[in-house]
Enquirer: 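Below is a structure I'd like to ask you about.
Sequential numbering from 1 along the given sequence is applied to the chain's residues.
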Amino acid sequence: MLDWMAWTWPTAAFFGVIATLLTLFTVLAIKYPEVPRKGVLRIETTRGDRLYISLLGSAFINLAWLGLEVGPQPYALIVCLVYAAAVFRWV
């Protein structure tokens, strides 16, 4: 069924985490309606907006990590987690 793509456990885990995050944020939005807030960017953002900014920024961090050959790729995950925490705190 899924023979058209070479699925590996890391790839499946990545998409599983994204699907879980989207489901979690949908449930949170329904259960706890939110009020947009203004952060350092001076634009109104919601939890979903901050998740999107975090995922997009993490993609660029990983691409830069690979392109600049900074070090082992798993260390980029630490940088991405710090970045996501900063986005959710200050954006």
Enquirer: First locate atom CZ of F88, then atom CD1 of I53, and finally report the distance between them rounded to the nearest 0.5 Å.
Expert: 9.0 Å
Enquirer: Any side-chain heavy-atom pair from K38 and I43 closer than 4.5 angstrom?
Expert: no
Enquirer: Nearest 0.5 Å please: distance from the NZ atom of K31 over to the OG1 atom of T26.
Expert: 14.5 Å
Enquirer: Do L81 and I78 touch side chain to side chain, with heavy atoms closer than 4.5 Å?
Expert: no
Enquirer: Any chain of hydrophobic side-chain contacts (each under 4.5 Å) joining Y75 to V70?
Expert: yes
Enquirer: What distance separates L55 CG from Y83 OH, expressed to the nearest 0.5 Å?
Expert: 9.5 Å
Enquirer: Can you hop from V27 to V17 via hydrophobic side chains spaced under 4.5 Å?
Expert: no
Enquirer: Using every non-hydrogen atom in the two residues, find where T11 and T8 come nearest and quote the distance to one decimal.
Expert: OG1-OG1, 2.9 Å
Enquirer: How long is the span from the CG atom in L28 to the OG1 atom in T23, to the nearest 0.5 Å?
Expert: 11.0 Å
Enquirer: Would you say L66 ends up clustered with F60 if hydrophobic residues are merged whenever their side chains have heavy atoms under 4.5 Å apart, either directly or through other cluster members?
Expert: no
Enquirer: Do the side chain of W65 and the main chain of G71 share a donor and acceptor less than 3.5 angstrom apart?
Expert: yes
Enquirer: Going by heavy atoms in the side chains, are C80 and N62 under 4.5 Å from each other?
Expert: yes
Enquirer: Can you tell me how far CG of D49 sits from CZ of F25, rounded to the nearest 0.5 angstrom?
Expert: 11.0 Å
Enquirer: Would you name the heavy atoms of A76 and I61 that are closest together and state the gap between them?
Expert: O-CG2, 4.5 Å
Enquirer: Ignoring hydrogens, what is the shortest heavy-atom contact between V91 and R50? Give both atom names and the distance.
Expert: O-CD, 3.1 Å
Enquirer: With side chains defined as the heavy atoms from C-beta onward, is the minimum distance between L22 and L51 less than 4.5 Å?
Expert: yes
Enquirer: Which atom pair, heavy atoms only, marks the closest approach of G48 to E34?
Expert: N-OE2, 4.5 Å
